[in-house]
Amino acid sequence: MLELSLQDARRIAVRAQLLDAVRPESLVATVDQLTLLQIDPTAAIAPNVDLVSWSRLGDAYEHSDLRFALEEERSLVEHSSFVRPMDDIGLVLATARDRMHATGYEWLEANARFRADVVGLLAAEGPLVAAEVPDTAQVPWQSSGWTNDKNVERMLELLCRVGEVAISGRRGKFRTWDLPERVYPADLEVPSYDDAKAVLDERRLASLGIARPTTKLQGEEVAAANRGEPCVVEGLAGEWRAHPDALGLTGADFEPRTALLSPYDRLVYDRDRALDLFDFEYVLEMYKPAAKRRWGYFALPILHGDRLVGKLDAKADRKAGLLRVFAVHEDFPWAPDIGDAVEAEIQALADWLGVEVVRG
């Protein structure tokens, strides 16, 4: 079996995630390689979609680029909790059952009239935000979480997953909903489940470069799904899978840079993989009491070259025009060049946000 050095494995992962010195050409090219940007409302620094995009594109990225790609160019699309390439939407719809529990299908069937009401209203008056859609549910949605009895929001979300409605854009922070034929390409093809899953699995591994054969987080496959080339990594137990294109670059020069990452960044999203490959321990501590946090409310992982080297505890105060840096945590004692590079990246983050850096 092919054996990779730990350094080669790390560099494969960094390159695949567009975090070496070779910047991608555009936002669309970035999302195409990463396959998705996770949407999360937490904006201690900036929303996740913006932070991940900035970490790849630098100050060339502006939030208006995302809005243009989603709402005017339609090269990207918002679907469920992700921004994806529009070219992938047929694959996503074909594999809807991977992202939807049986209770969702059962609830849709139990609310056939409500379902028809929503689709009919959007056909006549869309695009609409959820607040403009009447709740005519026959059977309320029940859960122990925030979605309990939020029937309209849940209906729209589930209909989006199965392809009966689509997210057409945003009105402020609220999603607007419409018929898919007004959002998706007229020539959209939805392949068979098996064909679509094979392509999505292949694309995900290409975006990761190297991963365990299979790993699921909250039901989502985040690893290789047994695709790619089997290999072992120096000093690590068990089998890995590497994408053939990534393996082809192992002999090429690696151009490093320093980057501040979102906690939801796919380089670190699989915490076990980050621990194995980068010896990087990380927990998102926003849900912990302040006294029990080691690194901070929304600490940003710090990449330097092919190593994850620490965490940045900071918060953007837009009203005051400040980036408040509470701490820079070193996972090991840094050489001066690492410290200088991290400080430069913190300043670059502040410049992009249009704020000034203050300590404490």
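Throughout, residue positions are numbered sequentially from 1 according to the sequence presented. When reading the values below, keep in mind they use all heavy atoms of this one structure, side chains included, and skip hydrogens, waters and symmetry mates.
Salt-bridge formation is detected for the pair Arg170/Glu78: a Lys NZ or Arg NE/NH1/NH2 atom is positioned less than 4.0 Å from an Asp or Glu carboxylate oxygen. With salt bridges taken as basic N to acidic carboxylate O contacts below 4.0 Å, none links Glu157 and Arg154. Ion pairing between Arg324 and Asp317 holds under the 4.0 Å rule for side-chain N and carboxylate O. A salt bridge links Arg182 with Asp178: the distance from a Lys NZ or Arg NE/NH1/NH2 to an Asp or Glu carboxylate oxygen falls below 4.0 Å.
Under the ring pair (Phe, Tyr, Trp, His ring centres under 6.0 Å) criterion, no residue pair touches residues 198-257, with sequence neighbours excluded. Contacts classified as ring pair (Phe, Tyr, Trp, His ring centres under 6.0 Å) and involving residues 93-136 (residues at least two apart or in different chains) are given here: Trp107-Trp141. Sorted by first then second residue, the salt bridge (charged side-chain N to carboxylate O under 4.0 Å, His left out) pairs that include residues 210-226, not counting sequence neighbours, are Arg212-Asp276, Glu220-Arg266. Applying the side-chain hydrogen bond (donor to acceptor under 3.5 Å, both in side chains) rule to pairs touching residues 246-259 yields Thr258-His304, sequence neighbours excluded. The salt bridge (charged side-chain N to carboxylate O under 4.0 Å, His left out) pairs that include a residue from residues 41-70 are Arg56-Asp265, where partners are two or more places apart or lie in different chains. For residues 170-190, no residue pair satisfies the ring pair (Phe, Tyr, Trp, His ring centres under 6.0 Å) rule, not counting sequence neighbours. Within the structure, ring pair (Phe, Tyr, Trp, His ring centres under 6.0 Å) pairs that include any residue of residues 11-66 comprise Trp54-Trp352 (at least two apart or interchain).
By the 6.0 Å contact criterion, CZ on Phe332 is enclosed, its count of non-hydrogen atoms from other residues, nucleotides or ligands being greater than 12.
Side-chain atoms of Arg293 come within 3.5 Å of backbone atoms of Glu285 as a donor-acceptor pair (strictly under, hydrogens ignored). In this structure, the side chain of Tyr297 does not engage the main chain of Ala290 through any donor-acceptor pair within 3.5 Å. Under a 3.5 Å cut-off, the side chain of Glu164 and the backbone N or O of Arg115 do not form any donor-acceptor pair. Listed for the Asp135 side chain is no donor-acceptor partner under 3.5 Å among the backbone atoms of Asn151. Listed for the Glu125 side chain is no donor-acceptor partner under 3.5 Å among the backbone atoms of Leu122. Side-chain N or O atoms of Asn48 include one that pairs as donor or acceptor with a backbone N or O of Gln38 at under 3.5 Å. Judged purely by atom type and a 3.5 angstrom limit, Arg161 uses its side chain to pair as donor or acceptor with the backbone of Arg99. Judged by distance alone, with hydrogens and angles left aside, the side-chain atoms of Arg74 form a donor-acceptor pair with the main-chain N or O of Leu70 at under 3.5 Å.
Note: the hydrophobic cluster containing Leu37 does not contain Val77 (ILVMFWY, side chain heavy atoms under 4.5 Å, direct or indirect links). Follow the hydrophobic side-chain contacts under 4.5 Å out from Leu205 and you never reach Tyr269; the two are in separate clusters. Linking Ile, Leu, Val, Met, Phe, Trp and Tyr whenever their side-chain heavy atoms come within less than 4.5 Å leaves Leu322 and Ile45 in two separate clusters. Leu188 and Val83 fall into different hydrophobic clusters, where Ile, Leu, Val, Met, Phe, Trp and Tyr side chains are chained together by heavy-atom contacts under 4.5 Å.
With Ile210 as the fixed residue, the side-chain contact (heavy atoms from CB on, under 4.5 Å) test singles out one of Arg241, Arg273, Arg11: Arg273. Of the candidates Val309, Val268, Leu6, Val14, Val14 is the only one forming a side-chain contact (heavy atoms from CB on, under 4.5 Å) with Phe278.
A side-chain donor-acceptor contact under 3.5 Å links Thr42 and Asp40. Using modelled atom types and a 3.5 Å distance limit, the side chains of Ser5 and Gln7 yield no donor-acceptor pair.
Clustering of Ile, Leu, Val, Met, Phe, Trp and Tyr by side-chain heavy atoms under 4.5 Å joins Leu200 with Leu91, Val199. Grouped with Val22 in a hydrophobic cluster is no other residue, since no side-chain heavy-atom contact under 4.5 Å to another Ile, Leu, Val, Met, Phe, Trp or Tyr is found. If you chain together ILVMFWY residues whose side-chain heavy atoms come under 4.5 Å of each other, Leu36 ends up grouped with Phe82. Clustering of Ile, Leu, Val, Met, Phe, Trp and Tyr side chains at separations under 4.5 Å leaves Phe326 isolated, with no partner residue.
Looking at Glu234 and Leu4, their side chains never come closer than 4.5 Å, going by heavy atoms from C-beta outward. The shortest distance between side-chain heavy atoms of Leu284 and Arg271 falls below 4.5 Å.
Thr30 is linked by a side chain to side chain donor-acceptor pair (under 3.5 Å) to nothing, counting only residues two or more places apart in sequence or in another chain.
Residue Val183 comes nearest to Met86 through the heavy atom pair O-CE, 3.6 Å, listed as atom of the first residue, atom of the second, then distance. Looking at every heavy atom in both residues, Thr215 comes nearest to Ala223 through N-CB, 3.4 Å. The two residues Leu76 and Pro85 make their nearest non-hydrogen contact at CD2-CA, 4.0 Å. For the residue pair Pro24 and Leu57, the shortest heavy atom distance occurs at O-CD2, 3.6 Å. The minimum heavy-atom distance linking Val52 with Leu34 is given by the pair CG1-CD1, 3.9 Å. What you find for Leu267 and Gln17 is that their closest heavy atoms are N-OE1, 3.7 Å.
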task: Would you check, one step at a time, whether the test side chain to side chain contact (heavy atoms under 4.5 Å, CB included) holds for Val328 with Asp313?
output: CA-CA 6 Å; Val328 179; Asp313 181 11; over 6 Å; no

field: Full working for side-chain hydrogen bond (donor to acceptor under 3.5 Å, both in side chains) between Asp98 and Thr95
entry: CA-CA 6 Å; Asp98 288 347; Thr95 54; 4.8 Å; no

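For the atom pair Cys231 SG and Leu236 CG, the distance stands at 10.0 Å (nearest 0.5 Å). The CD atom of Glu343 sits 9.0 Å away from atom CD of Gln347, with the distance rounded to the nearest 0.5 Å. Interatomic distance, CZ of Arg203 versus CG of Leu208, reported as 12.0 Å (0.5 Å rounding). A distance of 5.0 Å separates CG in Leu247 from CD1 in Ile12, rounded to the nearest 0.5 Å. Here the CG-CG distance, from Leu323 to Asp351, works out to 10.0 Å after rounding to the nearest 0.5 Å. The distance from atom CG of Leu308 to atom CG of Leu261, rounded to the nearest 0.5 Å, is 6.5 Å.
Within the cation-pi definition used here (under 6.0 Å to the ring centroid, within 45° of the axis), Lys311 qualifies as a partner of Phe280.
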